[in-house]
Amino acid sequence: MAGLFAARVLSDHFQRVTVIDRDDLSEDTEFRGGVPQSRHLHQLLMRGQQIMERRFPTLPDDLRAIGAPSLEWGINGIVATREGFTPPKPTGLRSNTVSRSALEALIRRRVPQRAGVTFSGGCTVTGLLTDSTGTTVTGVRAEKRITREAAEFTADLVVDAGGRRSDAPEWLAALGYERPSRTMVDAHVGYASCWFEKPTYMPPDVPIMLVKADPQSGRAGMILEVEGGRWTVILTGKNRDYPPSDMDGYLEYARSLQSPLIYNYIRGAKPLSQVYGYRNTNNVWNHYEKLTRRPEGFVVTGDAACGFNPIYGQGMSVAAMDAELLDGLLRGWENRPLTGFAEAFQKRLAEAVRVPFALATADDLRQPSVEGDIPRQPWVLKQIGLYFRALIDVTDTDAVVFRQFVRVMNLLDAPTTLLKPRIVWRVMRYYLGGSRRLSDHGHLGVTLSPAAKP
Ligand SMILES: Cc1cc2nc3c(=O)[nH]c(=O)nc-3n(C[C@H](O)[C@H](O)[C@H](O)COP(=O)(O)OP(=O)(O)OC[C@H]3O[C@@H](n4cnc5c(N)ncnc54)[C@H](O)[C@@H]3O)c2cc1C
């Protein structure tokens, strides 16, 4: 996704743009090995969707055409906790639900329609080409996957969007440059996903059902309806409490969540896939912005620069934000050599990922099994952390706090907006005697036990 977004904006600045991928990109395949995460639920945040719609104006029609459901946050979702269902809360904030593969296929169809963009699939990049001084990257070395034939691509600018498994640190090291330092935070979060046919006993207009994380066990789950009348269902655990990837164990795990909502809906549903597990969910920030020496003409974007615990669904949206930065910065380098561009881009990207990284790691850093680079939190930050935990409870019942929280988690507003007096006041009021009234049954006809199970 980061590579496609980068290609889209680069086509405004360069005559030729080549997208190289180790997978064959000629077909809209449901699954390809280069993105193992595509078997898992991908929520598209509003920030990402807004950027994509600006860059690909046909996207809303394309999503409609494939039958991707549309939802209003707080209305078309059902949220369950141990005590019951949270009440509906109108927000006016809308987005679509779509599988990762289908979204990627839509974008992938549009990108080569831009003048000068070509795809070179089935080709693995193996290293960087430089000029004779070794100070400027002039292209990449690659190998065709099937024939193992060597290939070279020359370019004024090389953008690595190789994802979590990017080899860019090794490519730099092979040229005599330092590898970037990295910040890693791992709370040992595990996913297990299974796809189901949306059952006929499901009420309409409920594309999302969520069982919030159990405060004790940390287990959570979510059903997301995507195009084609399918459900993608994830179960998640933390602190190495990984959900099993056999069907019996998967259902048992679903039953152990703090609400039986998901279990009750999936146990009668028809599975369309096996259960897939995924554990490579740590937060990894490769600090390309801190390199003291770097070659010109080479930048790193998307997960290759900064990958997040995927629970908060930020990766694709941050990849889109990275591309916006690329575009904005290239405008300042129009008609002049790209000297200094790589450093400027990585510094801007580092500023942009700071907030999503903080959001993604905040809860992970509190987990007992957390490993990696654990910063010492000053007292004030600890108090703010406690405040945010309290605030999350308040979102269950307070429409104003919920709406602002949804805006922050969708990367539309800064987290500091949750410290505004009117929000702080509502959180305090709740704790000073507000009541927490959850409902026995969800709105839109969702009940704990679906009425007409086969
Ligand atoms: C389990 C899971 C769930 C997720 N859920 C969400 C979600 O709900 N919402 C969300 O927004 N994000 C989610 N993400 C994150 C999201 O998948 C990524 O952030 C997003 O795809 C951007 O990644 P990327 O484009 O940088 O890398 P990727 O999407 O991983 O793509 C990397 C590409 O580079 C290619 N490649 C790699 N190395 C080479 C090479 N040497 N030569 C040629 N090609 C190469 C690969 O084939 C692949 O096509 C999730 C991630 C995981 C792991």
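Starting from 1, each residue takes its place in the sequence as its number. Every heavy atom of this structure was used, including side-chain atoms; hydrogens, water molecules and symmetry mates were not. Note that the coordinates shown come from a computational prediction; the quantities given were computed from them, not determined experimentally. As the structure lists them, so they are numbered: ligands from 1, and atoms in each ligand from 1.
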To check your reading of the model: name the closest protein heavy atom to [atom], its residue, and the distance in Å.
atom: atom 25 (O) of ligand 1; value: A2 N, 2.8 Å
atom: atom 37 (C) of ligand 1; value: G162 O, 3.2 Å
atom: atom 5 (N) of ligand 1; value: L41 O, 3.3 Å
atom: atom 1 (C) of ligand 1; value: Y278 CD2, 3.8 Å
atom: atom 27 (O) of ligand 1; value: G163 CA, 3.3 Å
atom: atom 44 (N) of ligand 1; value: R22 N, 3.0 Å
atom: atom 8 (O) of ligand 1; value: Q43 N, 2.6 Å
atom: atom 31 (O) of ligand 1; value: V35 CG1, 3.7 Å

Query raised in the report: Do you know the tightest heavy-atom contact between Y250 and L235?
Result: O-CD1, 3.3 Å

Under-4.0 Å salt bridge between [X] and [Y]:
X: D62; Y: R109; answer: no
X: E324; Y: R47; answer: no
X: D363; Y: R389; answer: no
X: E351; Y: R354; answer: no
X: D373; Y: R182; answer: no

What about [X]: any of its N or O atoms under 3.5 Å from an N or O on ligand 1?
X: D303; result: yes
X: R32; result: yes
X: A304; result: no
X: D21; result: yes

Query raised in the report: Contact between S193 and ligand 1, counting heavy atoms under 4.0 Å?
Result: no

Winner among [options] once heavy atoms are compared against [atom]:
atom: atom 21 (O) of ligand 1; options: M1, R100, R164; answer: R100
atom: atom 41 (N) of ligand 1; options: L411, V125, L44, T126; answer: V125
atom: atom 3 (C) of ligand 1; options: G313, P310, G315; answer: P310
atom: atom 14 (N) of ligand 1; options: Q37, H42, H40, R108; answer: H42

Query raised in the report: Side chain, backbone, both or neither: which part of S38 has a heavy atom under 4.0 Å from ligand 1?
Result: neither

**Report entry** Residue portion contacting ligand 1 (non-hydrogen atoms closer than 4.0 Å) for S166
**Finding:** neither

Query raised in the report: Hey, does the Lys NZ or Arg CZ of R108 hover above the aromatic six-ring of F119, less than 6.0 Å from the centre and inside 45° of the axis?
Result: no

Query raised in the report: Is the charged tip of R39 near the ring of Y276: under 6.0 Å from the six-membered ring centre and within 45° of its axis?
Result: yes

Query raised in the report: Would F153 and L129 count as a side chain to side chain contact (heavy atoms under 4.5 Å, CB included) if you check the C-alpha gap in whole Å, the side-chain angles of each, and the deciding distance to 0.1 Å?
Result: CA-CA 9 Å; F153 297 82; L129 300 170; over 6 Å; no

Query raised in the report: Have T58 and R110 got a donor and an acceptor in their side chains that come within less than 3.5 Å?
Result: yes

